[in-house]
Amino acid sequence: MKLKENKFVKKYLENEKSIYEGIAVTVISALAIVAILTGSFKEITNIQFVKNTSLVKVIIILIIFGVLAGVLYKFARKTARIFMFAVVMVYFLLAGYFSSQTNFDSVSNNPIAQICFLALSGVLAVIAFLYVKDDIFQAVAKIKVSDKTLKIFVAVMGVFLLVLTSVIGVFKFKSYTAPTFDYGIFAQGFEYMKQTGVFKTVVERGYELSHFAVHFSPIFYIALPIYFIVPKPETVAVIQAIMVALPVLPIYLLGKQYKLSNKVTLVIIAIYALFPATVGGILYDFHENCFLTFMILMLIWAVEKKKNILTVVFLLLTLFVKEDAAMYVMLLGAFWIVSRKSRLRGLIFILVGAIYFVIAIKVINSYGLGIMDFRYDNMFYDKQAGFVQMARVFITNPGYVVTQIISNHNGSVIGGGDTVQMDKIGYLIEMFVPVGALIFATGRKYSRYILLGSIIVVSLITTYIYQHQIEFQYNFGHIALFIYLIIMNLADMKPKRGKKLVTCSLIICAIMFMGLILPKAPHYMDTYKANSTKVEKFDKAISLVPNDKSVFTTGWIMPHMAKNLQCYDIGYLNEEHKKDIPEYPDYLLVDEGENSETIGKFAPYINSGKYELVYDGDKENNSSKIVSLYQLKK
């Protein structure tokens, strides 16, 4: 008996690791399958789901799939380990997607609870991956990615981004959820360019004004040919979608320049596509910033390839995006000087960027409305001195700068009033958790951290809430510099470490994309279908207004009337420029679902007796008004 026991113990000790591993792989696989089959990924904040789910059913599923997973491990350990990771990943992807429909307030008084959930889910999925990475890499090693295959993937990812962002943008517009600010401005601006050759609007500041009085952005003329081909407001959303999709090309070119393997380059392109801020940047309608990622990356590639003509072209195109694009140019110049990659070009970039910025600011301040430096009021000890004093703040009181980076207090938040939010903490999680391991893997090449200067200046030291949210446009420049950092860092790494880190990044990007971005496409499609009656009535009213007439309307309708160059948003008429605004416009188009304050602004015109009702888009039985169209009496 003692001999048998010793043989048993000896055999157990010889196989101890595989026994424990087998139990872990089996249990985790079975639990993940149970969670998927029972639909618990839809109920991550609902404790009552446990009570309402049959325990017998759960145990039966657990036993069946536990046995199957155990058998698989017995005869094919590598496959069993990979399977475990696969089902865990599927669960976190599903839970991530449905987290967008979850009321986290029921379990947490945390405004960034979903972001935290997605980040933690990504980390847990990465842990599962790290356990089986060798098995996965051995399997993937058998797959060859040729240059042709990589090019096809580049095209596929470009089309994926183009379709996704177009669907979001177009359906957001068609469902009347894209307002004057910031869709109507650009829709009317493109129409102005088409008809007059000048980028003007009457809605950006409530009277006819060049957009260049607000932002110096000649880049719009590059996209004008597309609008000429399809002169519709929806085209503006498609132009932005094209600019979000195009960066896959310079990422491919930079991957080749840095001699990254086709597989690694493929994953970097996927990371760009799934990085939450990439598509997130188009969620608040349209902005010129969408041109930044492509232009900056092409500029970097041109410099790296020493293509002087292309360098000049993309340097100018980058600067033409907006006056503050000069900052990205100067940061690149500083990096190239300090890193000794190209000191002469670096010096030229700093000088050109600085000169351009000063000139652009001078133009806006002298001939326009002045640069919007109020967004940095927290960095100004003298409210009249402007941006120059920021350098003094950085030098004299760096501790104060740090306090502003972590500050969440904002006096101009959505909805008005002073509040304390978790917006910056959530923003830092969204921006750095997916790609942080790749960004900060610079080794001793600290000069690369210069490229993080843009996110500090644009998004972190300001308390202007929109500049530290991924749903707004301010991240397109950061993304370009992030990608550049990632490519350089991967080129310096040993292949094994590079593959591990880039795959971990892809996993987290995928999970966060599933929760923060992917649900947006069906959301706006569903909104369009749900509001079909409203859309039909609005479309009918708009069709009755000739394009050459002046109109006062509301924020949700205005973008759909972009062809009317004299279409004003009544909520933003500029009282100081009454002489430039029609005293009595030809038409009043009233969204009856607007707030009482906005609707009240139509009352003086309607009650003047000068207008007649020409379209009344009531619901059935006249129970609730949808839209009303009034015409100036002849």
Compare every heavy atom of Ile364 with every heavy atom of Ala213, then report the nearest pair and how far apart it is.
O-CG2, 3.6 Å
Testing the 3.5 Å rule here: is there a donor-acceptor pair between the side chains of His211 and Glu288?
yes
Does atom NZ (Lys499) have a neighbourhood of more than 12 heavy atoms from anything else shown, all under 6.0 Å?
yes
Is any side-chain heavy atom of Phe294 closer than 4.5 Å to one of Pro250?
yes
Can a donor-acceptor pair be found, under 3.5 Å and without considering hydrogens, that links the side chain of Ser505 to the backbone of Pro434?
yes
Is the closest side-chain heavy-atom distance between Ile136 and Phe85 below 4.5 Å?
yes
Asn475 versus Ile470: any side-chain heavy-atom pair under 4.5 Å?
yes
Which atom of Met379 lies closest to which atom of Met390, heavy atoms considered
CB-CG, 4.1 Å
Could you state the interatomic distance from CE (Met298) to OG1 (Thr311), rounded to the nearest 0.5 Å?
10.0 Å
Phe472 and Tyr284 aromatic ring geometry - parallel, tilted or perpendicular at 30°/60° bounds:
tilted
May I ask you to decide if Ala302's main-chain N or O and Lys307's side chain share a donor-acceptor pair within less than 3.5 Å?
no
Are Phe92 and Tyr97 near enough that their ring centres are under 6.0 Å apart?
no
Determine whether Val90 and Ile36 make a side-chain contact, defined as any pair of heavy atoms from C-beta on separated by less than 4.5 Å.
yes
Please check if the side chain of Glu204 supplies one atom and the backbone of Phe181 the other of a donor-acceptor pair under 3.5 Å.
no
Take a 6.0 Å sphere around OH of Tyr572 and say whether it holds more than 12 heavy atoms from other residues, nucleotides or ligands.
no
Stepwise, does the side-chain contact (heavy atoms from CB on, under 4.5 Å) test hold for Leu94 with Met514?
CA-CA 8 Å; Leu94 290 170; Met514 288 292 287; 5.7 Å; no
Could you verify whether a donor N or O on one side chain and an acceptor N or O on the other, from Tyr328 and Thr318, lie under 3.5 Å apart?
no
If only atom types and distance count, is the side chain of Asn378 paired as donor or acceptor with the main-chain N or O of Ile461 below 3.5 Å?
yes
Between Phe190 and Thr235, is any pair of side-chain heavy atoms under 4.5 Å apart?
no
Is a donor from one side chain sitting under 3.5 angstrom from an acceptor on the other, for Tyr258 and Glu304?
yes
For Pro276 and Met512, which heavy atoms make the closest approach, and how far apart are they?
CG-CB, 3.8 Å
Evaluate the criterion ring pair (Phe, Tyr, Trp, His ring centres under 6.0 Å) for residue pair Phe41 and Phe98; output intermediate values, then yes/no.
CA-CA 7 Å; Phe41 51 83; Phe98 285 97; 5.4 Å; yes
Close aromatic pair by centroid cut-off 6.0 Å: Phe186 and Phe220
yes
Are Tyr356 and Phe216 close enough that some pair of their side-chain heavy atoms sits under 4.5 Å apart?
yes
For Cys290, is there any backbone N or O sitting under 3.5 Å from a side-chain donor or acceptor partner on Gln473?
no
Checking Asn262 against Lys151: is there a side-chain donor and acceptor pair closer than 3.5 Å?
no
Tyr474 side chain vs Gln469 backbone, donor-acceptor pair below 3.5 Å
no
When rounded to the nearest 0.5 angstrom, what distance separates CD1 in Ile239 from CG in Leu224?
8.0 Å
What are the two closest non-hydrogen atoms of Ile44 and Ser99, and how far apart are they?
CD1-CB, 4.0 Å
Can you tell me if Thr278 uses its side chain to pair, donor with acceptor, with the backbone of Tyr272 under 3.5 Å?
yes
Cys116 vs Ile429, side-chain contact (heavy atoms from CB on, under 4.5 Å): CA-CA, chis, key distance, verdict
CA-CA 8 Å; Cys116 293; Ile429 292 172; 4.1 Å; yes
Looking at Asp492 and Arg448, is there a salt bridge between them, counting it only when a charged N and a carboxylate O are closer than 4.0 Å?
yes
Gln188 pairs by side-chain contact (heavy atoms from CB on, under 4.5 Å) with which of Asp569, Val236, Thr201?
Thr201
So, taking the atom named OG in Ser217 and the one named CZ in Phe291, what distance separates them when rounded to the nearest 0.5 Å?
9.0 Å
Rounded at 0.5 Å granularity, tell me how far CG in Leu490 sits from CG in Leu260.
6.0 Å
Answer yes or no: does atom NZ of Lys133 have more than 12 heavy-atom neighbours from other residues, nucleotides or ligands under 6.0 Å?
yes
Any non-hydrogen side-chain atom of Leu451 less than 4.5 Å from a side-chain atom of Leu332?
yes
Could you check Leu254, Ile251, Ile296 and say which one makes a side-chain contact (heavy atoms from CB on, under 4.5 Å) with Trp301?
Leu254
d(His468 NE2, Leu460 CG) to nearest 0.5 Å is 8.5 Å
Would you please indicate yes or no on a ring centroid separation below 6.0 angstrom for Tyr484 and Phe482?
no
Can a donor-acceptor pair be found, under 3.5 Å and without considering hydrogens, that links the side chain of Ser459 to the backbone of Ile456?
no
Looking at Gln467 and Val458, would you say the former's side chain and the latter's main chain have a donor-acceptor pair under 3.5 Å?
yes
Parallel, tilted or perpendicular: which describes the rings of His560 and Phe173, with under 30° parallel and over 60° perpendicular?
parallel
Counting neighbours of NZ on Lys341 that are heavy atoms of other residues, nucleotides or ligands and sit closer than 6.0 Å, is the number greater than 12?
yes
Give the intermediate values and the outcome of side-chain contact (heavy atoms from CB on, under 4.5 Å) for residues Ile282 and Phe476.
CA-CA 10 Å; Ile282 64 106; Phe476 285 119; 4.1 Å; yes
Phe349 vs Trp336 aromatic rings, parallel, tilted or perpendicular, using cut-offs 30° and 60°?
perpendicular
List the atom of Gly122, the atom of Ile507, and the distance in Å for their closest heavy-atom pair.
O-CG2, 4.3 Å
Rounded to the nearest 0.5 Å, what's the gap from CG on Leu274 to CG on Leu506? Could you check?
6.0 Å
Please check: side-chain N/O of Thr177 versus main-chain N/O of Lys172, any donor-acceptor pairing under 3.5 Å?
yes
Met157 versus Ala273, closest heavy-atom pair with distance
CE-CB, 3.3 Å
Between Ile300 and Ile483, is any pair of side-chain heavy atoms under 4.5 Å apart?
no
Below 6.0 angstrom between ring centroids: does that apply to Phe153 and Tyr252?
no
Does Ile222 form a side-chain contact (heavy atoms from CB on, under 4.5 Å) with Ile219? I'd like the steps, not just the answer.
CA-CA 6 Å; Ile222 299 296; Ile219 195 68; 3.8 Å; yes
